[in-house]
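The chains referred to below are lettered A, B, ... by the order of the sequence lines, with proteins before strands, and numbering in each begins at 1. It should be emphasised that the depicted structure is a prediction, and the values quoted were computed from it without experimental measurement. Note that these values count all heavy atoms, side chains included, but never hydrogens, waters or copies made by symmetry.
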Protein chains: 2
Amino acid sequence: MNAATPAAAGGRPRAFDEEAVLDRATEVFWRHGYDGASLSVLTGAMGINRPSLYATFGNKEQLFRRVFARYHAARVAAARAALDRPRAYAAVEAFLRASADGLTADDHPAGCLSIQGGLACAPENAGIAGILAAGRAETEAALSERLIRASREGDLPDGADPRAVARFVMALSEGHAVHAAAGATRSDLQASVDIALRAVRRD
Amino acid sequence: MNAATPAAAGGRPRAFDEEAVLDRATEVFWRHGYDGASLSVLTGAMGINRPSLYATFGNKEQLFRRVFARYHAARVAAARAALDRPRAYAAVEAFLRASADGLTADDHPAGCLSIQGGLACAPENAGIAGILAAGRAETEAALSERLIRASREGDLPDGADPRAVARFVMALSEGHAVHAAAGATRSDLQASVDIALRAVRRD
DNA sequence: GGACGACTCTACCGCTCGGTACAGATCCGG
DNA sequence: CCGGATCTGTACCGAGCGGTAGAGTCGTCC
């Protein structure tokens, strides 16, 4: 009955795997955005019918929140792994290279759910854009923390503002997502990363 | 009768200014995206009713094409003006600074219609994403041409690929648009531009 | 000054949207 | 083998979507 209930004892067993159908839903939201992902397309891709979706996840918005939370957790983990390098330059390089690879990987739609999901939404779905923006802000905050530490350690170019560098790196990554969604290849993005790294190099 | 007809001789005169209502439509598409902009909201903001919209512009998609063509022409003109500097560094700086200012100007929604308009759309509106991507690609091509010239003139950092630099600059600008849509300020973006310019500096 | 024509407005079209009622299917515990 | 709980599937709901019919309004031309 409840969306959070992981299936109690008795009763007919669920005919689908919750994580598997969330993967399919992720792809639909990613490809079409929140507004553009209709329940018909969602349930079709997920291979379940409407009442199952509503019984399991609540409604469209709660389904999206589940989808995005999973996506975002993975992204944050990857970012933290990249940032866990001893030097700022290497951390930023790892972040940008992993990001470029992820944006063009072929086991999911090109680009980034945090952006494709709904930068601009219908008035009644304005909250969705906020959820995504909060996720991106959290990633930028992780970057920022890492670079503030680098700044203390004298590991940034002279006079560089770590928060501004974090914003720059995050913005570039978001721009790469836009490019990837429009068909840019992995090597297109990596060449852009090559350029960007000149800005972070200590000289 | 026809959408392209600029009003013939006789008959009742049009009660609204075509360019003015296009401005209002631009703002709606910008704020809500193509999928999220309903005809009710559009006609409400434009101050006309549905049949007038259909008689004048054809349908929702053709209205959007008109809106985007106007927007894009202005953007390309601004880009070309910025790029018309004798040195590549100055051209890129002017491009990025003008872009950052435009993304946070307060006479229109924050961000960029080319991205908010519809990075990811409903399946039946897939063409919209293509229109926007083509517009962005044209801007990047203008940048690229300018930098290829700079490369010939020895006006880029040693070994820099002008196309990659153009992609980098364009991606950063797109990322700034995403940031602006989420509330970044003018000075936030300009600080990011400061960082980026380190990558283009000849040393 | 009347016939014509472009425009406006109300009211509506068929369709799809997100969301749900209800009956049948399938498991568990006793 | 039965009672109850949980899930599945069909068929449907009201609302809003993009788009239009047709009558009324207002200006131009002969």
Quick one: side chain to side chain donor-acceptor pair (under 3.5 Å) partners of A:Arg80, sequence neighbours excluded?
->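 A:Arg80: no side chain to side chain donor-acceptor pair (under 3.5 Å) contacts found.
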Report the residues that fulfil side chain to side chain donor-acceptor pair (under 3.5 Å) with A:Asp84, sequence neighbours left out, ordered by chain and then residue number.
->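 Residues passing side chain to side chain donor-acceptor pair (under 3.5 Å) with A:Asp84: none at all.
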Flag the pair B:Asp194 and B:Arg97 as a salt bridge only when some basic side-chain nitrogen lies within less than 4.0 angstrom of an acidic carboxylate oxygen.
->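 Yes, B:Asp194 and B:Arg97 are salt-bridged.
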Bending between helix ends of the helix from C:dG1-D:dC30 to C:dG30-D:dC1 [5 pairs per end, 10° resolution] =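 The helix from C:dG1-D:dC30 to C:dG30-D:dC1 shows an end-to-end axis angle of 0°.
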Under the side chain to side chain contact (heavy atoms under 4.5 Å, CB included) test, residues paired with B:Ala120 that sit two or more places apart |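 Partners of B:Ala120 by the side chain to side chain contact (heavy atoms under 4.5 Å, CB included) criterion, ordered by chain and then number, come out as A:Gln116.
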Mind checking side chain to side chain contact (heavy atoms under 4.5 Å, CB included) for A:Ala105 and listing every partner two or more places apart, or none if nothing turns up?
->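 A:Ala105 satisfies side chain to side chain contact (heavy atoms under 4.5 Å, CB included) with A:Asp107, A:His108 only.
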Output the residues of residues 34-53 of chain A in contact with DNA chain D, where contact means a heavy atom of the residue under 4.0 Å from an atom of the strand; sort by number or write none.
->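 Contacting residues: A:Asn49, A:Pro51, A:Ser52.
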How long is the line joining [atom1] of [X] and [atom2] of [N], in whole Å?
X	N	atom1	atom2	value
A:Arg14	D:dG9	CZ	C1'	16 Å
A:Asn59	C:dC17	CG	P	16 Å
A:Asn125	C:dC17	CG	P	14 Å
A:Leu63	C:dG19	CG	P	10 Å
B:Phe57	D:dG19	CZ	C1'	16 Å
A:Glu124	C:dG18	CD	P	10 Å

Donor-acceptor side-chain pairing of B:Gln190 and B:Asp101 below 3.5 angstrom =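 There is such a pair between these side chains.
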Has the side chain of A:Arg12 got a donor or acceptor atom sitting under 3.5 Å from an opposite partner on the base of D:dT8?
->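 For A:Arg12, whose side chain was compared with the base of D:dT8, there is no donor-acceptor pair (under 3.5 Å).
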Which pairs, with at least one residue in residues 117-126 of chain B and sequence neighbours excluded, count as a salt bridge (Lys or Arg N to Asp or Glu O under 4.0 Å)?
->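 As it turns out, there is no salt bridge (Lys or Arg N to Asp or Glu O under 4.0 Å) pair with a partner in residues 117-126 of chain B once direct neighbours are skipped.
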If you look only at pairs with a residue in residues 67-79 of chain A, which of them pass as a salt bridge (Lys or Arg N to Asp or Glu O under 4.0 Å), with sequence neighbours excluded?
->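 As it turns out, the salt bridge (Lys or Arg N to Asp or Glu O under 4.0 Å) pairs with a partner in residues 67-79 of chain A, which skip direct neighbours, are A:Glu19-A:Arg70, A:Asp23-A:Arg70.
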What nucleotide, of C:dG18, C:dT26, C:dT8, holds the atom closest to the side chain of A:Tyr54?
->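 Nearest nucleotide to the side chain: C:dG18.
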Per B:Lys60 side chain, nearest of listed nucleotides C:dT26, C:dT8, D:dG18 |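 Closest nucleotide among those given: D:dG18.
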Could you pull out every donor-acceptor pair under 3.5 Å between side chains of residues 168-178 of chain B and any protein atom, sequence neighbours left out?
unit_1	atom_1	unit_2	atom_2	d
B:Ser173	OG	B:Ser99	OG	3.0
B:Glu174	OE1	A:His179	ND1	2.6
B:His176	NE2	B:Ser192	OG	2.7

